[in-house]
There are 2 protein chains.
Amino acid sequence: MKDITPQQQKVLDCIQVYINKTGFPPTRADICRELGFKSPNSAETHLRALEKKDFISIESGASRGISINNPEIKHEGNDYPIVGLVAAGSPTLASENVEKVLNCPKGFFGSDFDYFLRVRGLSMKDAGIMEDDLIAVKKTQEIKNGDIVIARIEDEVTVKYFQRSAPNIVHLKPANEEFNDIEVNLEETELYIEGKSVGLIREN
Amino acid sequence: MKDITPQQQKVLDCIQVYINKTGFPPTRADICRELGFKSPNSAETHLRALEKKDFISIESGASRGISINNPEIKHEGNDYPIVGLVAAGSPTLASENVEKVLNCPKGFFGSDFDYFLRVRGLSMKDAGIMEDDLIAVKKTQEIKNGDIVIARIEDEVTVKYFQRSAPNIVHLKPANEEFNDIEVNLEETELYIEGKSVGLIREN
DNA sequence: CATTATACTGTATAAATATATAGTATATTT
DNA sequence: AAATATACTATATATTTATACAGTATAATG
């Protein structure tokens with residue numbers, strides 16, 4: 001992601017605010033009105049710059065055909081998004097990954113959390129985490145050994161126990177004999193910790 | 001909120017899907033394309049009906065000026081009691097047995113339920129039910145084979161899989177090799193089914 | 001039995017909108 | 001010194017789009 005200029009940031013913010021307020025993206029004229037431009041081409045060129053830098057996508061020919069790339073859905077109040085374990089890429093809150101939302105009291109699990117992750121596979125079955133369970137995920141980098149983390153290793157997302165064995169060695173341990181430990185050498189492999197599990201919900 | 005017709009539901013779903021996919025609402029023509037209508041007025045009239053019934057809002061004059069009304073879902077204060085597995089006697093809702101209450105939206109687990117039961121022991125560990133988990137219990141006698149039931153046998157309460165093997169024989173099966181099946185002959189032994197599990201919550 | 005709601009096709013058009021073109025000006029990079 | 005990116009104004013226009021009007025048909029309602 002390239003650098004964004006202050007003015008382009010203003011336009012991007014303007015688009016987000018407009019969508020939040022109305023439910024649909026602005027026209028060039030709307031952006032001019034909001035930001036005080038006097039020519040629709042001012043908006044146009046900014047939009048094209050934002051598109052080139054991959055902050056937005058523009059559907060050619062469509063009115064209001066602007067969409068913000070990777071918009072993090074903000075769960076106002078108590079509607080928490082449920083996202084699936086996307087095989088490639090992190091479980092982002094981008095709308096296309098959101099199955100549905102679940103209304104849940106804040107602080108339901110003692111701790112705050114950010115979204116629910118739908119579990120695939122049985123690699124944590126001995127920890128009582130079964131297929132289709134919903135894990136309440138708190139986005140954080142504060143991880144202790146033994147925490148159940150949502151980790152991304154080179155585009156693959158998994159749920160595992162976290163254990164740091166040495167400054168540069170992290171073990172991701174399943175809770176199922178049929179699966180193997182994953183040893184990650186941080187100098188060789190990129191490891192991104194999405195967050196940790198603070199609770200679980202099962203519907204049956 | 002008035003009743004929605006099946007066709008109007010289709011249109012509403014179509015709008016939601018379109019927004020999820022593209023980031024902006026559809027035009028009348030888009031809706032026609034998605035649903036196979038041949039006249040833009042088909043979409044128009046459905047939209048006006050949905051607006052009248054308050055499912056959507058339409059910004060007059062604006063292209064793609066459709067927004068879905070999300071009526072504030074406030075989970076009506078549903079405080080469900082958490083009861084412990086009382087060794088002797090059923091897990092009654094008498095106040096001395098209630099640990100605390102947990103506020104939880106109605107229909108959180110798809111089905112209604114009556115209280116939470118705090119799990120003791122690991123007899124259902126292979127079903128992903130661990131010590132201290134909270135089972136959402138629905139008081140009911142409508143039990144199918146394979147349901148997870150909360151059963152009382154002569155003053156002892158347990159959580160097990162339910163299986164009726166013969167008209168008078170019920171098996172209560174644990175999900176843990178280290179525990180044994182319990183065979184209950186209904187002619188000899190009193191078996192009371194408290195209810196069944198419709199969901200699970202874990203705080204960690 | 002008239003009225004209203006639902007569920008469409010088909011056509012037309014004013015208004016909304018994207019987008020190209022022509023300029024001006026400044027800063028940054030090559 | 002030339003090219004490129006940023007940041008605008010101003011005007012024009014083809015296309016997109018909302019929306020009205022004219023029909024047809026069926027089911028529900030009072």
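Within every chain, numbering begins at 1; the chains are lettered A, B, ... in the order of the sequence lines, protein sequences first and strands thereafter.
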Exercise for review: Please confirm whether the backbone N or O of B:Phe162 pairs with a side-chain atom of B:Asp147, one donor and one acceptor, at under 3.5 Å?
Suggested key: no
Exercise for review: Please tell me which of the listed nucleotides, C:dT17, D:dA5, D:dC8, lies nearest to the side chain of A:Thr45?
Suggested key: D:dC8
Check your understanding: So, the side chain of A:Asn176 versus the backbone of A:Leu122: is there a donor-acceptor pair under 3.5 Å, distance only?
Key -> yes
Revision key, fill the gap. Of B:Ala49 and A:Arg64, the one whose closest nucleotide on DNA chain C sits nearer the 5' end is B:Ala49
Check your understanding: Does A:Thr27 place a side-chain N or O at less than 4.0 Å from the phosphate oxygens OP1/OP2 of C:dA16?
Key -> no
Practice item. Would you please confirm or rule out a distance under 4.0 Å between OP1 or OP2 of C:dA7 and any side-chain N or O of B:His46? Key: yes
Review point. The side chain of A:Pro40 lies closest to which of these nucleotides: D:dT17, C:dT19, D:dT19?
Key: C:dT19
Review point. Does C:dT19 have OP1 or OP2 sitting under 4.0 Å from an N or O in the side chain of A:Ser60?
Key: yes
Review point. Any side-chain N or O of B:Ser63 less than 4.0 Å from the OP1 or OP2 oxygen of D:dT16?
Key: no
Point to revise | Whole angstrom value for the distance that separates C1' of C:dT6 from CZ of B:Phe55 | key: 15 Å
**Study point:** Closest listed nucleotide, where the reference is the side chain of A:Gln8 and the choices are D:dA7, D:dT19, C:dT17
**Key:** D:dA7
Study note, to complete from the structure: Between NZ of A:Lys38 and P of D:dC8 the distance, given in whole Å, is 12 Å
Review point. When all nucleic acid strands are considered with a 4.0 Å heavy-atom cut-off, which category describes B:Gln7: base, sugar-phosphate, or nothing?
Key: sugar-phosphate
Check your understanding: What is the distance from CZ of A:Arg48 to C1' of C:dT21, rounded to the nearest Å?
Key -> 15 Å
Check your understanding: From the list D:dT6, C:dT17, C:dT19, which nucleotide is the closest neighbour of the side chain of A:Glu44?
Key -> C:dT19
Exercise for review: Give a yes-or-no answer on whether the side chains of B:Lys196 and B:Thr140 include a donor-acceptor pair shorter than 3.5 Å.
Suggested key: no
Point to revise | Closest nucleotide among C:dA5, C:dT6, D:dA7 to the B:Thr5 side chain | key: C:dT6
Check your understanding: Is it true that B:Arg33 and B:Asp30 have a side-chain N and a carboxylate O under 4.0 angstrom from each other?
Key -> yes
Practice item. Could you please spell out the steps behind the side-chain contact (heavy atoms from CB on, under 4.5 Å) verdict for B:Tyr192 and B:Gln141? Key: CA-CA 9 Å; B:Tyr192 177 72; B:Gln141 304 302 315; 3.9 Å; yes
Review point. To the nearest Å, how far apart are A:Arg28 CZ and D:dC8 C1'?
Key: 17 Å
Review point. What nucleic acid atoms does A:Ser42 come within less than 4.0 Å of, heavy atoms only: base, sugar-phosphate, or nothing?
Key: base
Exercise for review: Consider the side chain of A:Ser39, meaning its heavy atoms from C-beta on, and name the nucleotide among C:dT19, C:dT6, D:dA10 that approaches it most closely.
Suggested key: D:dA10
Review point. Is B:Ala29 touching bases, backbone alone, or none of the nucleic acid, heavy atoms closer than 4.0 Å?
Key: nothing
Review point. Counting only side-chain N and O atoms of A:Lys10, is one of them less than 4.0 Å from OP1 or OP2 of D:dC8?
Key: no
Exercise for review: Using atom CZ of A:Phe24 as one end and atom C1' of D:dT17 as the other, report the distance to the nearest whole Å.
Suggested key: 13 Å
Check your understanding: Is any N or O donor-acceptor pair between the side chain of A:Asn41 and the base of C:dT21 shorter than 3.5 Å?
Key -> yes
Check your understanding: Counting just side-chain N and O atoms, does A:Lys52 come under 4.0 Å of either OP1 or OP2 of D:dA5?
Key -> yes
Point to revise | Nearest-angstrom distance from the residue atom CD of A:Glu59 to P of C:dT17 | key: 16 Å
Review point. Donor-acceptor pair, A:Asp133 side chain versus A:Val119 backbone, under 3.5 Å?
Key: no
Point to revise | Rounded distance in Å - CZ (B:Phe37) to P (D:dT17) | key: 18 Å
Check your understanding: Within this structure, what is the CD1-to-C1' distance between A:Ile66 and C:dT19, rounded to whole angstrom?
Key -> 13 Å
